[in-house]
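Chain A is the first sequence line, chain B the second, and so forth, proteins listed ahead of strands; every chain is numbered from 1. Side-chain atoms are counted along with the backbone in the values below, which use heavy atoms only and exclude waters and symmetry mates.
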There are 2 protein chains.
Amino acid sequence: MNIGDVSRRSGLPAKTIRYYEDIGLVQPPRSGNGYRTFREIELHKLAFLGRARALGFTIEDCRTLLALYEDDGRESAQVKNVAEGHLRKIDQKIAQLQSMRGTLAHLIEECAGDHLPDCPILEDLAGE
Amino acid sequence: MNIGDVSRRSGLPAKTIRYYEDIGLVQPPRSGNGYRTFREIELHKLAFLGRARALGFTIEDCRTLLALYEDDGRESAQVKNVAEGHLRKIDQKIAQLQSMRGTLAHLIEECAGDHLPDCPILEDLAGE
DNA sequence: ATTGACCTTCCAGTAGCTGGAAGCCCCATG
DNA sequence: CATGGGGCTTCCAGCTACTGGAAGGTCAAT
C-alpha cells in the first residue's frame, strides 16, 4: 500500500501521514524506489490516531494511548487517567467559550446594527 | 510611560505589547535612548485589545474593531457583523467540543479504570 | 517517448504569542 | 567613580498540528 491508498482508507491527508512518520508515530518501511509501504498494522495505527485526534486528544496523548494500546501489561486505569485529564481540559475550554459567548451575545443584542456609529460593543471594548 | 508600566496597567505582558507593535496594532514613539514611550492613547488601545482578545476575537478581528472604533463614520452594523461572525465561530467550537465531550465521557464511564488491561476506550479508538 | 498521476524531500507559513540570549541604559549605593 | 541590579532593546527559536508549494524522481499506459 502506498501513501495515497492509506490516505484514502484512513481518511488522513498524505501530508499528515508523513508528518506522523516524522514525529515517530508510525514507521512504514520503504520499498526499493523510496516509497513508503504501509501494511495493515500501519493503517490500523493511523486509523487509531485519526479517531483519537477526532476526540481532541493531543499528539502527545495519542502517543501515550498508542503505547498503552500496544502494551499488554497496561492497566485500564492508565488509559482512563489520560482520558479524564483530556475531559477536564475540554470542560475548561467549553466553560471559557461559554463565558465569552455570554458576554458577546449580550453585547450583540444591545447593538442596533444600523447606519449610526453608536455601538455598545465598541464602548464595552473601550472600557466604557 | 515605559513598557513595564504599560504592561502593569494594561495587564498585557511586555512581550505581547512588543508583538502588537510588530504587527502594527500600536505605534508608540521612541525616546532618545530607544525606549518605547507610551501615551494614554496607546495604553487605551492596548486595553481595548486586551478586552477584545479576552472575548476571543482574532488579531485580525481586533485590527478591524480598532479601526472601526477610530472611524467616526462607522456604522454599528459593521461592528455587529464582525461580532456575529465571531459568535458563530464560538458556537461551532462549543458544538464540536460538546460532541467530543459526549463521546469521551461515555467511554470513560464504560472503563473500569482498574489494574486489568481491558479497556473500552482503547477498543473504541482501535475501531473495535 | 511522452503524458499524467503518483511519490519523494525540503522549506516556509499558519496564530499568537513566549522564552532566552546578548547587550544597552539608568539610578542608587559605597 | 565604579558597581550592581533592574529595565530596556533586538533577534532568533520554539510552541501545536499540520498545510502549501516547489523541485524533482517513479510508474503504468498510450
Taking 4.0 angstrom as the limit, do B:Glu60 and B:Arg63 come out as a salt bridge? yes
Without decimals, in angstroms, what is the distance between B:Glu60 CD and C:dT14 P? 11 Å
State whether A:Glu21 and A:Arg18 are salt-bridged, where the test is any N-O pair (Lys NZ or Arg NE/NH1/NH2 against Asp/Glu carboxylate O) under 4.0 Å. no
Could you state the CD1-C1' distance from A:Ile23 to D:dT19, rounded to the nearest angstrom? 14 Å
Is a side-chain donor or acceptor of B:Arg101 paired with a backbone partner of A:Asp91 at a separation under 3.5 angstrom? no
Can you measure B:Ile17 atom CD1 to D:dT10 atom P for me and round it to whole angstrom units? 13 Å
Regarding A:Tyr20, tell me which of base, sugar-phosphate or nothing describes its non-hydrogen contacts under 4.0 Å with the strands shown. sugar-phosphate
Categorize B:Ile3 for me: base, sugar-phosphate, or nothing, with a 4.0 angstrom heavy-atom threshold over every strand shown. sugar-phosphate
How is B:Arg53 classified with respect to the nucleic acid when contacts are heavy atoms under 4.0 Å: base, sugar-phosphate, or nothing? sugar-phosphate
Between D:dA17, D:dT19, C:dG19, spot the one nearest the side chain of A:Thr58, thanks. D:dA17
Quickly work out the A:Lys15 NZ to C:dC11 P distance and round it to whole Å. 13 Å
Which listed nucleotide (D:dT26, C:dC25, C:dG16) is nearest to the side chain of B:Asn33? C:dC25
Please report the distance, rounded to the nearest Å, between CG in A:Asp22 and P in C:dC10. 9 Å
Shortest side-chain distance from A:Ile59, nucleotide among D:dG20, C:dG16, D:dA17: D:dA17
From D:dC18, C:dC10, C:dT8, pick the nucleotide closest to the side chain of A:Arg18? C:dT8
Hey, is the side chain of A:Tyr35 pairing donor to acceptor with the base of D:dG25 inside 3.5 Å? yes
Contact check, side chains of B:His44 and B:Glu40, non-hydrogen atoms, under 4.5 Å: no
Ranking D:dT9, D:dA17, C:dG16 by distance to the side chain of B:Arg30, first place goes to D:dT9
Given D:dT9, D:dT19, D:dA17, identify the nucleotide with an atom nearest to the side chain of A:Thr16. D:dT19
How many whole angstroms separate atom CZ of A:Arg36 from atom C1' of C:dC7? 9 Å
Between A:Tyr19 and D:dT16, is there a side-chain N or O to OP1/OP2 distance below 4.0 Å? no
